[in-house]
Amino acid sequence: ARTVWTSSAETAKKEFWLNRCRIDLLILSALLGICGQFVMILLNMPANLYVQLVLEQTVDDAIPMALSIGEVVFGIFAVVIIPAVLEEFWMRGIIFSAYNKSNTLAAIFFTSLMFALLHLRINEALGFLFMGIVASVVLIKSNSIYAAMIYHAFSNLTALLLGGFILPY
């Protein structure tokens, strides 16, 4: 019975990219997440300007800036940790793994597109598409979903802490 359990655990670990990750790759993933948030802002800028100037509508931040310690603590769980773990496990752990068996480029494109559509913010679709592509590349290069989760978490943390100071449009 122990052999069957070990075999199943090893299969799940491989299938969902639940591999240990070197600390240097986790640190690099965190830095990519921080820098990636600024790239997302730049990619979203034309659509946000269009919404504001042509459609004459206000553009709300996807992640509102935390204004108190309580909001920061709540935001770390609600906006940083939970979405990074759940969305990456779903997108990269399950969906990417399924498509990657036949075509890695299709897996990157499809999961990135799904990730962008999941957020339901058409004016920020390019930014989310970029984030999905980078998360997929981080997954492939590190061979660990944990690195993709760290990338995602630090991107969201940057948006949470700096969102109100950066004018994305």
Side-chain angles (χ1 to χ4, degrees), residues 16-17 28-68 71-142 145-169:
F16 300 120
W17 304 73
L28 182 59
S29 297
L31 293 172
L32 282 171
I34 293 166
C35 295
Q37 186 56 229
F38 294 99
V39 174
M40 289 176 66
I41 290 168
L42 290 174
L43 289 171
N44 295 335
M45 197 178 292
N48 285 332
L49 283 169
Y50 178 80
V51 168
Q52 278 192 318
L53 300 176
V54 177
L55 301 179
E56 298 179 348
Q57 296 177 0
T58 32
V59 177
D60 297 323
D61 291 330
I63 300 175
M65 185 178 78
L67 300 174
S68 70
E71 289 179 358
V72 169
V73 171
F74 178 76
I76 286 174
F77 289 103
V79 174
V80 177
I81 296 171
I82 294 170
V85 171
L86 295 180
E87 289 176 11
E88 289 309 319
F89 186 75
W90 181 31
M91 287 292 145
R92 259 52 73 183
I94 296 172
I95 299 173
F96 181 91
S97 292
Y99 279 88
N100 191 44
K101 291 174 184 171
S102 60
N103 187 325
T104 301
L105 284 176
I108 292 170
F109 177 75
F110 183 72
T111 56
S112 299
L113 184 61
M114 290 296 297
F115 182 76
L117 294 174
L118 167 78
H119 288 85
L120 300 174
R121 297 184 61 89
I122 195 71
N123 59 309
E124 295 181 352
L126 280 178
F128 285 121
L129 187 63
F130 168 80
M131 186 176 179
I133 291 168
V134 174
S136 296
V137 172
V138 165
L139 173 73
I140 293 166
K141 294 296 183 182
S142 68
I145 197 163
Y146 302 119
M149 289 175 180
I150 292 293
Y151 164 75
H152 190 148
F154 273 83
S155 178
N156 287 6
L157 180 64
T158 304
L160 177 72
L161 297 179
L162 299 178
F165 296 109
I166 301 168
L167 297 174
Y169 29 83

What's the shortest heavy-atom distance between [X] and [Y], and which atoms?
{"X": "A135", "Y": "A148", "answer": "O-CB, 3.8 Å"}
{"X": "I76", "Y": "L160", "answer": "N-CD2, 4.0 Å"}
{"X": "R92", "Y": "L139", "answer": "CG-CD2, 3.5 Å"}
{"X": "S142", "Y": "A147", "answer": "OG-CB, 3.3 Å"}
{"X": "M131", "Y": "N156", "answer": "CE-OD1, 3.8 Å"}

Look up atom [atom1] in [X] and atom [atom2] in [Y], then write down how far apart they are to the nearest 0.5 Å.
{"X": "L118", "Y": "L113", "atom1": "CG", "atom2": "CG", "value": "11.0 Å"}
{"X": "F77", "Y": "I82", "atom1": "CZ", "atom2": "CD1", "value": "8.0 Å"}
{"X": "I41", "Y": "N48", "atom1": "CD1", "atom2": "CG", "value": "9.5 Å"}
{"X": "T111", "Y": "E88", "atom1": "OG1", "atom2": "CD", "value": "9.0 Å"}
{"X": "E124", "Y": "F130", "atom1": "CD", "atom2": "CZ", "value": "14.5 Å"}

Check whether any side-chain N or O of [X] sits under 3.5 Å from a backbone N or O of [Y] as a donor-acceptor pair, and report yes or no.
{"X": "N123", "Y": "A47", "value": "no"}
{"X": "S136", "Y": "G132", "value": "yes"}
{"X": "N44", "Y": "G127", "value": "yes"}

Mind checking whether [X] and [Y] have side chains closer than 4.5 Å, heavy atoms only?
{"X": "L162", "Y": "F38", "answer": "yes"}
{"X": "M45", "Y": "L49", "answer": "yes"}
{"X": "M149", "Y": "F89", "answer": "yes"}
{"X": "F96", "Y": "M91", "answer": "no"}

More than 12 heavy atoms of other residues, nucleotides or ligands under 6.0 Å from CG of L117: is that the case? yes
Mind running side-chain contact (heavy atoms from CB on, under 4.5 Å) on S112 and I108 for me, showing each step along the way? CA-CA 6 Å; S112 299; I108 292 170; 4.2 Å; yes
Between N100 and W17, is the side-chain contact (heavy atoms from CB on, under 4.5 Å) condition met? List the steps. CA-CA 12 Å; N100 191 44; W17 304 73; 3.6 Å; yes
On the 0 to 90° scale, with breaks at 30° and 60°, tag the F115-H152 ring pair as parallel, tilted or perpendicular. perpendicular
Parallel, tilted or perpendicular for Y99 and F110, by the 30°/60° rule? tilted
Audit row: V79, E71, side-chain contact (heavy atoms from CB on, under 4.5 Å) steps and yes/no: CA-CA 10 Å; V79 174; E71 289 179 358; over 6 Å; no
